[in-house]
Colleague: 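This is the structure, below, for whatever I ask next.
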Amino acid sequence: MVATGFASFDTTVDKTNRLLKEIEDAYGWPKERRKQSYAALRTVLHQLRDRLTVDEAVQFGAQLPMLVRGIYYEGWRPAETPVKMHSEEFYRRIRHDFPYSIQGDIEQLVHTVLATLQRHISEGEWDDLRARMPADLVTVIPA
């Protein structure tokens, strides 16, 4: 655990590190690839956020740990959302923004990140997220 001297900061850094470790463990990456797990989380969060309406994006963001919430909102342009995209476009955008090569396909990466996030979001909010997605994209979101 990181000791910043502020309990809320220590807690959010710890939660974020646990989330990144869960992504690494699920994907089979060693801790030395922390930058890669961070990039995967950031890229998937940004594309998910940009697909949601402003209200939906804010409701989802409220469920994230404080530090991850900052990552989620970084660079957001609410006036330009939602970005209409189908699943192929969603995956293409993630592949474009994810700067690392990976084993397997981008779908596996997205599934790994989203399945990890699902464990950190309330069941009700996760169900709402799935309900808000168009039929083509709901298949991307783990049930």
Colleague: What distance do S37 atom OG and Y27 atom OH have between them, rounded to the nearest 0.5 Å?
Modeller: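 Result: 12.0 Å between the selected atoms.
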Colleague: Restricting to pairs with a member in residues 97-106, which pass side-chain hydrogen bond (donor to acceptor under 3.5 Å, both in side chains), not counting sequence neighbours?
Modeller: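 For residues 97-106: Q47-D97.
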Colleague: Can you find a pair of side-chain heavy atoms, one from M85 and one from L137, that are under 4.5 Å apart?
Modeller: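 Contact flag for M85/L137 side chains = yes.
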Colleague: What I'd like to find out is whether the side chain of Q36 reaches to under 4.5 Å of the side chain of W29, using heavy atoms alone.
Modeller: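 Yes - at least one pair of side-chain heavy atoms lies under 4.5 Å apart.
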Colleague: Please enumerate all residues that pass salt bridge (Lys or Arg N to Asp or Glu O under 4.0 Å) together with R130, with sequence neighbours excluded.
Modeller: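 Result, salt bridge (Lys or Arg N to Asp or Glu O under 4.0 Å) vs R130: none returned.
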Colleague: State the OH-CD distance between Y91 and E107, to the nearest 0.5 angstrom.
Modeller: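 The OH atom of Y91 sits 5.0 Å away from the CD atom of E107.
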Colleague: Evaluate the side-chain proximity of L129 to E56: yes if any heavy-atom separation is below 4.5 Å, no if none is.
Modeller: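 No, too far: nothing below the 4.5 Å cut-off.
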Colleague: Output side-chain donor-acceptor pairs under 3.5 Å for residues 112-125, partner residues at least two apart or in another chain, one line each.
Modeller:
from: T112; atom 1: OG1; to: Q108; atom 2: O; distance (Å): 2.9
from: T116; atom 1: OG1; to: T112; atom 2: O; distance (Å): 2.8
from: T116; atom 1: OG1; to: R119; atom 2: NH2; distance (Å): 3.4
from: Q118; atom 1: NE2; to: A143; atom 2: O; distance (Å): 3.0
from: R119; atom 1: NE; to: E22; atom 2: OE1; distance (Å): 3.3
from: R119; atom 1: NH1; to: A115; atom 2: O; distance (Å): 3.4
from: R119; atom 1: NH2; to: E22; atom 2: OE1; distance (Å): 3.3
from: H120; atom 1: NE2; to: E22; atom 2: OE1; distance (Å): 3.1
from: H120; atom 1: NE2; to: E22; atom 2: OE2; distance (Å): 3.2
from: S122; atom 1: OG; to: Q63; atom 2: OE1; distance (Å): 3.2
from: S122; atom 1: OG; to: E125; atom 2: N; distance (Å): 3.2
from: E125; atom 1: OE2; to: R132; atom 2: NH1; distance (Å): 3.2

Colleague: Does I141 reach the side chain of L48, with side-chain heavy atoms less than 4.5 Å apart?
Modeller: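 Side chain of I141 against side chain of L48, heavy atoms only: contact under 4.5 Å found.
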Colleague: For E74, check side-chain contact (heavy atoms from CB on, under 4.5 Å) against everything at least two apart and list the hits.
Modeller: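 By the side-chain contact (heavy atoms from CB on, under 4.5 Å) rule, E74 matches Y38, R42, H46.
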Colleague: Only counting residues at least two apart or in another chain, list the ones meeting side-chain contact (heavy atoms from CB on, under 4.5 Å) with T81.
Modeller: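 Residues passing side-chain contact (heavy atoms from CB on, under 4.5 Å) with T81: D50, V54, W76.
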Colleague: Would you mind reporting whether R95 and I102 have side-chain heavy atoms less than 4.5 Å apart?
Modeller: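 Answer yes - side chains close enough.
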Colleague: Can you sort out the partners of P30 under side-chain contact (heavy atoms from CB on, under 4.5 Å), two or more places apart, ordered by chain and number?
Modeller: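 P30 satisfies side-chain contact (heavy atoms from CB on, under 4.5 Å) with E32, R33 only.
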Colleague: Check this for me: does any side-chain nitrogen of one of K31 and E24 sit under 4.0 Å from a carboxylate oxygen of the other?
Modeller: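 Answer for the salt bridge query: no.
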Colleague: Under the ring-ring contact (aromatic ring centres under 6.0 Å, His included) rule, collect the residues that match up with W126, sequence neighbours excluded.
Modeller: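 Residues passing ring-ring contact (aromatic ring centres under 6.0 Å, His included) with W126: none at all.
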Colleague: I'd like to check the side chain to side chain donor-acceptor pair (under 3.5 Å) partners of D128; sequence neighbours left out, ordered by chain and number.
Modeller: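 If we apply the side chain to side chain donor-acceptor pair (under 3.5 Å) test to D128, skipping adjacent residues, there are no hits.
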Colleague: Salt bridge (Lys or Arg N to Asp or Glu O under 4.0 Å) with R51: which residues, sequence neighbours excluded?
Modeller: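 None.
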Colleague: Run the side-chain donor-acceptor check on residues 66-73: report pairs under 3.5 Å with partners two or more places apart or on a different chain.
Modeller:
from: R69; atom 1: NE; to: G61; atom 2: O; distance (Å): 3.2
from: R69; atom 1: NE; to: L64; atom 2: O; distance (Å): 3.4
from: R69; atom 1: NH2; to: L64; atom 2: O; distance (Å): 2.8
from: Y72; atom 1: OH; to: A57; atom 2: O; distance (Å): 2.9

Colleague: So, taking the atom named CD1 in I106 and the one named NE2 in H111, what distance separates them when rounded to the nearest 0.5 Å?
Modeller: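 Nearest 0.5 Å value for the CD1-NE2 distance: 14.0 Å.
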Colleague: Taking side-chain contact (heavy atoms from CB on, under 4.5 Å) as the test, write out the residues that go with H86, two or more places apart.
Modeller: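 E88, E89, D136.
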Colleague: List for me each residue that meets side chain to side chain donor-acceptor pair (under 3.5 Å) alongside K21, sequence neighbours excluded, and say none if there are none.
Modeller: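 Testing K21 for side chain to side chain donor-acceptor pair (under 3.5 Å), a comparison that skips the adjacent residues, returns D25.
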Colleague: Closer than 3.5 angstrom, by distance alone: can the side chain of T12 be matched with the main-chain N or O of S8 as a donor-acceptor pair?
Modeller: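 Checked: no pair found.
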Colleague: Can you tell if the side chain of F98 reaches within under 4.5 Å of the side chain of V44, non-hydrogen atoms only?
Modeller: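 A side-chain contact is absent here, since even the closest heavy-atom pair is not under 4.5 Å.
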